[in-house]
Structures are given as C-alpha cells and as structure tokens.
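Here is the structure we will look at, set down as structure tokens.
Here the structure is a predicted model, which is why all the values come from computation and not from measurement. The sequence lines fix the lettering, A, B, ..., with proteins before strands; numbering per chain opens at 1.
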Amino acid sequence: MSEAFYVTTPIYYVNAEPHIGHTYTTVVADMLARYHRLKGETCFMLTGTDEHGDKILEVAQERGTTPDAVATEYAQLFKKTWDQLGIDYDRFIRTTDPDHRLVVQSILQKVYDAGEIEFKEYEGLYCVGCERFLTDRDMVDGLCRDHERAPESRSESNYFFNMGAHFSWLAETIEAHPDFIRPEHYRNEVLAMLSEESGLGGELCISRPKERLDWGIELPFDNRYVCYVWFDALINYLTGVGYPDGSEFETFWPVSEHIIGKDILKPHGVFWPCMLHAIGAPLPRHLNVHGFWNLDNRKVSKSLGNLVSPQVMDERYGFEAFRYFLLREMVFGQDSSFSEPLLIARINADLANNLGNLVSRTLNMTGRFADGLVPRAGAPGEAELVIEETAARVTSEVDEHVLSLRPQRALESIMGLIDATNRYLELREPWKAAKDPERADQVPTTLYTCCESLRVTAVLLSAFLPQTSHEIFSRLGLGNALEGAFLPELTRWGGLEAGLPTRKGPPLFPRIEVTEDSK
RNA sequence: GGCGGCGUAGCUCAGUCGGUUAGAGCGGCGGCUUCAUAAGCCGUAGGUCGUUGGUUCAAGUCCAACCGUCGCUACCA
C-alpha cells in the first residue's frame, strides 16, 4: 500500500469555457484523489490553466485588451467553476504564476546547458491565416487546408529541443513498463508515433521570436524569444509539487498520475517523457488516457454551439447527478455519448429508484418502527450474513476497479450492494413483521442491517458522490463519518452504533418526470 | 493520404490477453407487494455477436480483406 498519491488534470487552455470534457477529466481526478484520501494516503491534486500562446494574444487583440486580462478572466472562470462544483483540488496552477516561470526557465537553461537545444534557421511555408508554418499535412494541393490559400515562403530562426535523441530510450521504457500508458491501445499509439514512419520529427520547436509572439515566458538564454507553449505547459506538473527541491516533489512525483484526453496524447506520451529524461527526472507513474464525449453522435465543439456546461447541468439536475453520469457511463479510455434523456434515465434508475428510494424506505421505517433511532441488531441470520458478505465483496471490488481506472465498474458494483439491500428488505418485509407478534423481534435486526448497509454504501460512494455521501451520513445520525477513519476499517461491518438519531429527509434524488420528449 | 476507434438483444453498452446453453442496465410484457420517490421484488422477453474468408480441437474474443461509421493527424478534455 503506497502512502502518497498525486493526480493531475491537464491545464486547460483559456480560450473556452469549461465544458463536459474538462469536467470529466477533472471529476475523474477528483474522484481518485478522494478515494486515495479515503485510504489514508497523503494526496495532492493539481489542476489549472494554460495561458500562453498566440491564440490568447489574438483574442486579446480582438477585444482590445491584454492577454493577461483574457487569461485571468478565464482562469478565474475555471477556478470558480471547480470551486462551486466542489472539486477538491490542492493547487490551481496558472502558467503565468511566478514560481512556474522560474521553474520553466531553470529547466530551459538546464536542457540548453546539456546541449539538447539547438538554434537554427527554419525555412518553410508560412500561412498568414494560421500565423504559423505549415507541414505537408496541413496542405492540400499546395494550399493551407484551413484557409485554402497559398502559404508564403518564409524563414525564421528558432530554438529546437532535440527530443528525437530520446526516442529509442522512450520506446524501450514503454515496452518495459507496459502499463505506463493506459489503457493499452494508447500505449500502442505512442509506440507508433515513435516509429520511423510516423512522420513525427525528432525536433520540437520550443520558441517564438517576440516580434511574432511576446506573450510567453522569456528564454533565459535569449531574451529575443519566448518559450512556446507545450514546453512551458507540461512543466506545470513539476511546478505544482515544488520541483526541484521541495519535499513535496520527492513525495509526490514518483506516484504521479496524469489524467488526459486522447487529443493530447502526443505531447504527454512523447514530448513530456523526452523532456523529463533530458533533465534526469523520472517519468510519472501512469499516463491515463480517456476518450471523448459525443453529443448526439457529434463531437464536442465550440463552433457547433453544443457545449455541455457543468454549471447548467448543476442548475438543471444537480452536479452530483451529472458527476454520477459521467463516471458511471464512460468506459475510461473509450468514447461515450451524452444526452439529457440518457442522463435522466440514469438518474431515475440508479439514483432515484434504487439508492434514493432505499434511503427513504429504510429511514422511514426506522422512524416508524424504531423511534427514529438506529436499532440494536440481534444475532444475524443467513440473510443478514449475505448482506454483510456482499458489502465486503463490494468494498474489495471497488478498490480493484478504482485502482485499475474503471470507475464505471466500481459504481456498478456499489449499485449491486444497493440492489441486494432492496432485495433483503423484500425478504424480511419489516412493514409486515412489525405487526406480526412472531416476527416483531427481528425488525430491529432488519432495520439495523439496512442502515449499516447504507453507511457502507455512503463510504464507498464518498469519492464519487461526496455530497450525497455526506447527506446519508447525516441522516444516519453520523457527523463527519470520514474524519480520522480510513478504508478498510471504514467499511468494516458493524461500524454503525445503535441509538443514533436518524432523520428521513426529503428524497435524495427526486425522480425526473419527462412529460414529453423534448425533441 | 497516413493512423486509430467503433459496428453484440428495441436503446446504452459489458464481455478481464479463444473454451461449458453470448451478459448487464434501461425499456416492453406478466405477476407479487405497499415500508418507500407510482419506487421495490419475482418471472419473461430468444441477438446469424457488420460481411466474407482464414488460423485452431475450439472465435464475439486471433489474422486478412471488405462494407458502414466516427475520430485523430502539434495545442478544443
């Protein structure tokens, strides 16, 4: 059992509002951090914003303001969003943070001193529309495929990081650590990128002359240039935990987990390991790659205007429900579909009918047949032992699934405990037993078993649905049930004390009635 | 063009490095029940696992080709 855990989201580019993709990545990271905290590990979660680059400058010019103002506006938007939604990050890093600038510059200098950065003139075809040089793949019939115009020949001197020198090392390392990049097929994609035929050059341009772009971190060895984005963006993962000297760095870097979307696999799977190798830093423990959310079979896209805002989802359904959907519906690594009817179906089936209703019926009967106090259980019968065993089995399954990055399986497993408890109630039928002199004495045991099952459920759910979990504890008469206690002790059967005052409360997740298909 | 994903019951999808009668949830249908959010429980509904051809004692599960579909190809997770 490791004692520390470090999880990162990508830093989000500040040219768009938070949408379902950002939210998914962030929620997965948050869930992992919470789960590891539940195990008593020392955890650190990093998220933040990527703020340099020409696109931000463009936006600033369009708006007649400064890039710093644009970046700050969006950075605050992201931060505020995560705060409102209860994302429990430890640091929100901005690539414009002073300590980050220093770390980037020190790393640049270090790589430069090692002779791995080369200054040379590059001559190529430049598209004025794109404001960048085009590669063969950017052109169709000699025209820029985005702007459909002929690029002009231009030359420019820049600094290049010779990452190709690390390719064979990287390929060997990936082969030797097959689970470094997961799920597996993304590992294969990276290996393909490293192969000769991929067309991926071995050189990474890491600078821009200030006359073309001055919004960035100045190169420590040439003040006519700024660092170009990927190089400075990726380093945030090091800055976030105090590279190079902080004790946090030693604690967290070796156990780091990156969560990324598949679109940024190349920078994280190729550029980043090469950069780390160049400065003699170890690789992160895992690079975890997830797929995309499709909306009505279309890609998430600003231009289509079909962004799914986490704040709108929060207002409409409650963020916990949305969060549940994200974690329950997507197989990590694969693409998934999102639509409101799917979301509603999932909320009703799992959260309202099963979980919420079980809470209602259990606490209602506890109020009715046990004076609202958690009853004292008698000797367990066979049915009680089944629930106890199910709880233990689910606890270990959840652990296995979370660690292997299968949130959907973990939630499925938890739902299984809820189902089992609903079935158990049907078997014991305390609403009848309470009125039957021959069975009345089993009612306390029955209700205790249900309450205890709910407590264990809430513990297991706490990383996934923190607020819901907290509410269940509260209704069971528990205060901060997670304080000072950790897995696996937390789910040990019998942890719920008799005599605690329970409270029924309103439906946890009201069923959402759909009057008609809004389509 | 190159690379890659996907194509399994009406719907959304699982199928753990090939092996007993192919699974889950939702929906539908029938029944039970009434503590509960018209929730719950029981039963049921029979899909040539895209097509063709291979490898194998054995393939949804490996290989090839093809069809359909979606995506990536240096900055939208």
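Between A/M330 atom CE and B/A14 atom P there is a gap of 10 Å when expressed in whole angstrom units. One atom, CH2 of A/W431, and another, C1' of B/C32, lie 11 Å apart when rounded to the nearest Å. Atom CZ of A/F332 and atom P of B/G15 are 15 Å apart (whole Å). Taking atom CG on A/L57 and atom C1' on B/C75, their separation rounds to 15 Å, with Å as the unit.
At least one side-chain nitrogen or oxygen of A/N364 sits closer than 4.0 Å to the OP1 or OP2 atom of B/A36. In this model, the phosphate group of B/U37 is approached by a side-chain N or O of A/K504 to a distance below 4.0 Å at OP1 or OP2. At B/C35, one or more side-chain N or O atoms of A/K435 fall inside 4.0 Å of OP1 or OP2 (strictly under the cut-off). Close to B/A14, at under 4.0 Å from its OP1 or OP2, lies a side-chain N or O of A/Q334.
Looking only at atom types and distance, the side chain of A/H258 has no donor-acceptor partner in the side chain of A/N288 under 3.5 Å away.
Put simply, the side chain of A/Y228 and the base of B/C75 share a donor and an acceptor less than 3.5 Å apart. Remark: the A/N357 side chain and the B/A36 base include a donor-acceptor N/O pair separated by less than 3.5 Å.
Considering every non-hydrogen atom in both A/P273 and A/L170, the closest pair reads CB-CD1, 3.5 Å. Here the closest heavy-atom approach between residue A/L343 and residue A/A321 is recorded as CD1-O, 4.0 Å.
Within 4.0 Å of A/R423, counting heavy atoms only, lie sugar-phosphate atoms of the nucleic acid but no base atom.
The pair A/E452-A/R455 counts as a salt bridge, with a side-chain nitrogen and a carboxylate oxygen less than 4.0 angstrom apart.
The residue among A/R328 and A/Y13 whose nearest nucleotide of RNA chain B is located toward the 5' end is A/R328.
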